[in-house]
Amino acid sequence: MSREREQQRREGTAPHARVRRREAGRTWTGVRPFRQAGGLRLVPPPDKPLPSLPGNSLPPGATARKRGAPCWLSLASGDAQAAKEFYARVLGWCHVPLLGAQGRVRSLALRAGAPVGSISQATCDLGVSAGWIPYFGVDHVDATVGRLRERGATVAVGPLSTETGRLAVAAGPQEAVFGLRQRAPDHRWKVGAGPVARLELHTRDIFAAAYFYGDVLDWAGTSGDCCEVEYARGQIEVRDGLGTVAAFRDAAPPGWHPCFRVADVDMAAVSAVGWGGRVVAPPVGPRNRREAVLADPEGNAFMVTAN
């Protein structure tokens with residue numbers, strides 16, 4: 001392979017992308033074509049060092065975020081007070097009131113002092129309950145909304161200005177609701193090591209979803225400060241240079257689902273039923289890797305995993 005072609009392959013600009021697949025302990029390489037303008041940038045090889053974080057450009061406790069990476073999580077509930085009670089009882093969260101419109105309940109959920117996300121009363125634009133909404137950080141919300149509309153997506157809220165910059169909420173393929181933010185509301189929030197273990201998009205076509213979000217969130221950028229995408233273990237994985245922040249899986253129910261850490265998965269499942277929720281998928285796996293899919297009383301699905 002020529003040096004130029006090898007460079008194209010590494011940057012994701014070649015006519016075909018080689019996607020490393022791992023199944024049943026075997027490693028093999030498959031080839032999948034993609035549009036040159038909207039292709040998926042592949043994760044650098046393991047022996048290539050990850051980019052270093054800027055020295056003192058971030059507040060204490062903050063982590064550098066890649067462009068298009070998740071930056072926040074919120075629950076738009078038809079009954080925010082009841083939702084706060086449910087998640088406090090089932091997942092052990094505490095809630096700090098936040099400023100909001102008069103008569104609209106809004107709070108910050110915390111687990112062991114670490115931010116989980118916000119819970120607020122749903123607006124009429126989003127319906128009775130839009131469920132858990134992941135937000136992705138972008139440089140220009142208005143320009144990103146323009147790309148969404150070009151692709152036929154529904155923009156339910158915004159773009160509008162907030163205390164942390166521009167914001168918008170939209171619905172992607174299969175009506176999966178997600179948001180865009182210019183800046184994260186809380187620099188301490190992160191996916192992986194904290195109370196939010198990961199984000200998953202359940203969809204019928206993981207590749208079509210990857211192309212949609214890759215185009216909209218500019219994961220195919222060549223500047224080096226955007227997220228990277230890889231097909232591995234039967235799913236699409238989105239990485240921010242430090243770890244996997246989201247995954248696309250062929251699973252149900254469709255939509256974005258957060259995975260929260262809990263001390264005891266089985267106890268969380270029992271408690272969810274006791275407080276008006278339900279078990280979508282019962283706990284499975286060994287004790288240190290046990291997981292389950294639950295739903296709150298409004299039917300908003302979420303996953304739990306062992307600490």
Side-chain angles (χ1 to χ4, degrees), residues 17 19-28 30 32 34 38-43 66 68-71 73 75 117 130-136 153 170-179 190-192 194-217 219-220 227-240 242-262 265 268-269 272 278-286 288-296 299-306:
V19 182
R20 189 172 55 204
R21 305 171 182 236
R22 307 178 185 90
E23 293 184 4
R26 297 175 297 171
T27 301
W28 56 281
R32 182 177 179 87
F34 64 84
L40 304 180
R41 294 182 69 246
L42 300 184
V43 174
K66 292 285 188 175
C71 67
L73 189 64
L75 174 65
W132 284 103
I133 304 174
Y135 286 84
F136 297 87
Q174 293 186 256
E175 301 302 313
V177 179
F178 67 100
K190 57 184 176 180
V191 177
V196 183
R198 65 181 184 275
L199 299 174
E200 287 192 1
L201 175 66
H202 294 179
T203 178
R204 291 190 297 267
D205 189 334
I206 61 174
F207 289 104
Y211 289 135
F212 173 84
Y213 288 97
D215 285 346
V216 169
L217 300 175
W219 290 341
C227 287
E228 298 155 333
V229 182
E230 182 184 22
Y231 178 87
R233 295 175 287 275
Q235 62 185 13
I236 297 288
E237 296 183 356
V238 183
R239 301 179 183 176
D240 67 350
L242 298 175
T244 300
V245 293
F248 296 177
R249 295 180 54 207
D250 182 1
W256 282 100
H257 305 295
C259 182
F260 301 120
R261 298 187 187 279
V262 295
V265 171
R278 63 188 178 92
V279 176
V280 179
V284 295
N288 62 337
R289 296 174 58 188
R290 204 156 177 77
E291 294 191 351
V293 181
L294 310 177
D296 64 22
N300 302 312
F302 60 94
M303 297 172 290
V304 290
T305 186

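Throughout, residue positions are numbered sequentially from 1 according to the sequence presented.
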> Short question: side chain of Glu291, backbone of Met303 - any donor-acceptor pair under 3.5 Å?
Replying inline: no
Could you tell me which non-hydrogen atom of [X] sits nearest to which non-hydrogen atom of [Y], and how far apart they are?
| X | Y | result |
| --- | --- | --- |
| Pro70 | Val245 | CD-CG2, 3.6 Å |
| Ala292 | Val265 | CB-CG1, 3.8 Å |
| Val238 | Cys227 | CG1-CB, 3.9 Å |
| Thr244 | Arg239 | OG1-NE, 3.6 Å |
| Thr203 | Ala209 | CG2-CB, 4.1 Å |

**Request:** Check the angle between the aromatic planes of Phe302 and Phe260 and answer parallel, tilted or perpendicular using the 30° and 60° thresholds.
**Result:** tilted
Over 60° means perpendicular and under 30° means parallel, so tell me whether Tyr213 and Phe136 are parallel, tilted or perpendicular.
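Plane angle between 30° and 60°, so tilted.
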Measuring from atom [atom1] of [X] to atom [atom2] of [Y], what distance do you get when rounded to the nearest 0.5 angstrom?
| X | Y | atom1 | atom2 | answer |
| --- | --- | --- | --- | --- |
| Glu200 | Phe248 | CD | CZ | 11.0 Å |
| Leu201 | Leu199 | CG | CG | 10.0 Å |
| Phe207 | Asp205 | CZ | CG | 8.0 Å |
| Gln235 | His202 | CD | NE2 | 9.0 Å |
| Glu237 | Ile206 | CD | CD1 | 10.0 Å |
| Leu73 | Trp256 | CG | CH2 | 11.0 Å |

- Hey, are the side chains of Val191 and Asp240 touching, using non-hydrogen atoms and a 4.5 Å cut-off?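 Val191 vs Asp240: side chains apart.
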Next on the checklist: Quick one, Thr305 and Arg261 - any side-chain contact, counting heavy atoms below 4.5 Å?
Outcome noted: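 Heavy-atom side-chain distance check passes, below 4.5 Å.
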### Message
Between Phe178 and Trp132, is the ring centroid distance below 6.0 Å?
### Response
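Aromatic pair excluded; centres sit 6.0 Å or further apart.
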Considering the options Val284, Val279, Val280, Val304, which one meets the side-chain contact (heavy atoms from CB on, under 4.5 Å) requirement together with Val293?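 Going through the options one by one, the only one that passes is Val280.
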